[in-house]
Amino acid sequence: MDKIVIKGPNQLKGSVQMSGAKNAVLPIMAATLLASGKFEIRNVPNLRDVKTMAHLLRIIGAQVEYSDHKLRIDSSNCNFFEAPYELVKTMRASVYVLGPLLARFAKAKVSLPGGCAIGTRPVDLHIRGLQQLGANIELKHGYMVGTAEKLRGAHINFDISSVGATGNILMAAVLSDGRTVIENAAREPEITNLAKFLQKMGAEIEGVGTSQLQIHGVKELSPVDFDIIPDRIEAATFLLAAAISSGEIVLNSVDAAHVGSLIAKLREAGVYVEEGQTSIFCKSPERIKPVNITTAPYPGFPTDLQAQWMALMCLAHGSSVIRDNIFVDRFTHVAELRRLGAQIELSENVAVVKGVPNFNGASLMSTDLRASASLILAGLAARGRTEVLRVYHIDRGYETIEKKLENLGADIWREEGSY
Ligand code: EPZ
């Protein structure tokens, strides 16, 4: 496992191109199982998770090629309707094949997920929604074993707004008989991108982008070409990199509307942000003001930015409160930030951060994707050498992050080896 080394402090300057959205391309790759034929998907980021999903689709029988940020998928010869534990344990999003397999092939055997270490992450909403559509799902030896004579429309009401469950049920409903209504559906831009992909394939979906989706099942869908939206979490992470390094950068290939909640908080913290059509300009002041955040479903402040925001608040001039209401134990980055000199009091899902004047570099261990990003941001600001170990976590969700930061002037490099 490689490590990323940073010699700080750095001040970022320049412009950087964002990649396609990981959390849009993963369900869209699963959705190719819903129709037979050849797809071309563009603006696909070169990430570990994309490789993992491609591997899963090949196990199921699809042909998958990736080159030059394009995926070519041929789902004509799918013949094995299983997602094995060895693969699902490395990426929770593998569960996205459950709905499509039941909808098109009427059977599926998918391991219960593992994924990154953000506490217990149940799939009860996925299972209950599919059962309401008429699937018969049993839990056997750590697997969800599903069969479905013919899925039929239902009125589904999620008591929690779940991105994954919304995606899975949406993909199952588009080939179900009759009308399905999903209440309290996730409104994340990645789900909107999935819904537009399905509509282009011939699905009949109303209410896209709202918390109530109405689906009229169709008999068959067709393969299409499609463009993935920019990655809003990558964009937000780079805005925070500029803020924590008192930098001045331009992000290209972004949709500023998708990062509105972060931009509002950055402005409150004293950062100058200017939104363009497909770009964002950001200039950070010397002094960052402390600003509280509470995570919420889109368009609220994303839980996927909680760790990165905390890194910035550790160096703010004053105290702030950070509350994660989505994943209440997503705080593995706290112990690592403390190693740099951070002052953080944690109680359940609430962290009180007391700003300190600076960080001193240290060796840090990354544990999950967004915690790793938080540690890299902190390393940019820290004085001296910071090493972030086990960076395969960060490679799951950020395309060549160290090269992009280096092009913005950071003194950062990757060392290969078993760290
Ligand atoms: C998606 O995960 C994202 N992953 C996560 O990003 C993101 O943090 C999360 O949504 C929240 O925005 C992908 O899109 C691949 P949820 P998901 O279902 O779908 C509870 C990253 O860093 N819940 O929206 O797994 C759950 O425990 C990753 O890119 C149930 O109770 O998240 C959580 O408290 C990390 N039962 C809440 O809902 C269920 O059946 C929201 O989770 C499903 C979820």
Side-chain angles (χ1 to χ4, degrees), residues 19-31 45 47-50 52-53 56 88 90-99 110 112-132 137 139 144 156-171 182 184-194 211 228-229 231-237 258 261-262 295-308 323-330 332-333 349 366-374 393-399 401:
S19 300
K22 167 179 84 82
N23 292 347
V25 71
L26 294 177
I28 284 171
M29 288 174 78
L47 300 173
R48 178 184 289 270
D49 276 8
V50 170
T52 303
M53 184 62 87
L56 176 52
V88 176
T90 67
M91 184 182 71
R92 175 186 170 82
S94 310
V95 172
Y96 271 133
V97 302
L98 184 57
V110 176
L112 285 166
C116 42
I118 346 181
T120 58
R121 295 175 65 185
V123 284
D124 56 312
L125 298 175
H126 299 242
I127 293 171
R128 209 177 314 137
L130 291 167
Q131 287 171 332
Q132 285 184 266
I137 296 183
L139 297 185
M144 294 175 278
I156 293 166
N157 202 324
F158 287 136
D159 46 15
I160 303 177
S161 162
S162 157
V163 173
T166 301
N168 233 334
I169 299 313
L170 178 58
M171 289 189 277
I182 304 175
N184 199 14
R187 296 166 52 195
E188 274 67 3
E190 295 77 21
I191 293 298
T192 295
N193 207 209
L194 170 64
S211 57
I228 299 297
I229 54 170
D231 193 314
R232 63 190 169 100
I233 304 299
E234 183 192 30
T237 303
H258 292 167
S261 57
L262 176 82
T295 67
Y298 190 86
F301 194 94
T303 173
D304 288 354
L305 293 178
Q306 179 261 102
Q308 300 93 309
R323 182 188 301 270
D324 199 328
N325 284 342
I326 305 289
F327 293 113
V328 294
D329 50 4
R330 191 178 196 173
T332 55
H333 44 287
N349 64 324
S366 57
T367 51
D368 76 64
L369 167 55
R370 306 303 175 185
S372 311
S374 166
H393 286 291
I394 198 122
D395 293 333
R396 291 188 52 184
Y398 290 92
E399 185 174 348
I401 190 168

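All residue numbers in this chain count up from 1 along the given sequence. Values below: all heavy atoms of this structure, side chains included; hydrogens, waters and symmetry mates excluded. Just follow the structure's listing: the first ligand is 1, and inside any ligand the first atom is 1. Since the structure is predicted, the reported quantities are computational estimates derived from the model, not experimental observations.
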* Between K22 and E234, does a salt bridge (Lys or Arg N to Asp or Glu O under 4.0 Å) hold up when you go through it step by step? -> CA-CA 9 Å; K22 167 179 84 82; E234 183 192 30; over 6 Å; no
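In summary, the atoms of ligand 1 found under 4.0 Å from a heavy atom of V123, numbered by their order in the structure, are 39 (C), 40 (O). Taking every heavy atom of I326 and a limit of under 4.0 angstrom, the matching atoms of ligand 1 come to 33 (C), 34 (O), 41 (C).
For ligand 1, the polar-atom distance check finds no N/O of T303 at less than 3.5 Å from any of the ligand's N/O atoms. Where the criterion is an N or O separation shorter than 3.5 Å, residue side chain and backbone included, E188 fails it with respect to ligand 1. Checking only distances, Y96 never comes within under 3.5 Å of ligand 1, N or O to N or O.
Using modelled atom types, one side-chain atom of T166 and one backbone atom of A186 make a donor-acceptor pair closer than 3.5 Å.
Separation of atoms CD1 (I156) and CD (Q132) is listed at 5.0 Å; rounding is to 0.5 Å. To the nearest 0.5 Å, atom CZ of residue R330 and atom CG of residue D368 are 6.0 Å apart. Between atom CG of residue L98 and atom CD1 of residue I127 there is a gap of 8.0 Å, rounded to the nearest 0.5 Å. From I394, atom CD1 reaches atom CD of E399 across 13.0 Å, with rounding to the nearest 0.5 Å. Rounding to the nearest 0.5 Å places CG of L369 at 9.5 Å from NE2 of H393.
Under 4.0 Å from ligand 1, the heavy atoms of I160 that appear belong solely to its side chain. Of all the heavy atoms of F327, the ones lying under 4.0 Å from any atom of ligand 1 belong exclusively to the side chain. Under 4.0 Å from ligand 1, heavy atoms of D124 appear from its side chain as well as its backbone. Contacts between A165 and ligand 1 below 4.0 angstrom, taking non-hydrogen atoms only, are absent altogether. Contacts with ligand 1 closer than 4.0 Å are made by side-chain heavy atoms of K22 only, the backbone lying farther away.
The heavy atom nearest to atom 3 (C) of ligand 1, out of those in I127, N23, L369, I233, is found in N23. Looking at G164, P122, A24 and measuring to atom 31 (O) of ligand 1, the nearest heavy atom belongs to P122. Among D49, L305, L125, the residue whose heavy atom lies nearest to atom 40 (O) of ligand 1 is L125. Among R396, Q306, R330, R370, the residue whose heavy atom sits closest to atom 35 (C) of ligand 1 is R330.
The residues R121 and D329 are annotated as not salt-bridged, no charged nitrogen and carboxylate oxygen being separated by less than 4.0 angstrom.
Residue P45 comes nearest to G20 through the heavy atom pair CG-O, 3.2 Å, listed as atom of the first residue, atom of the second, then distance.
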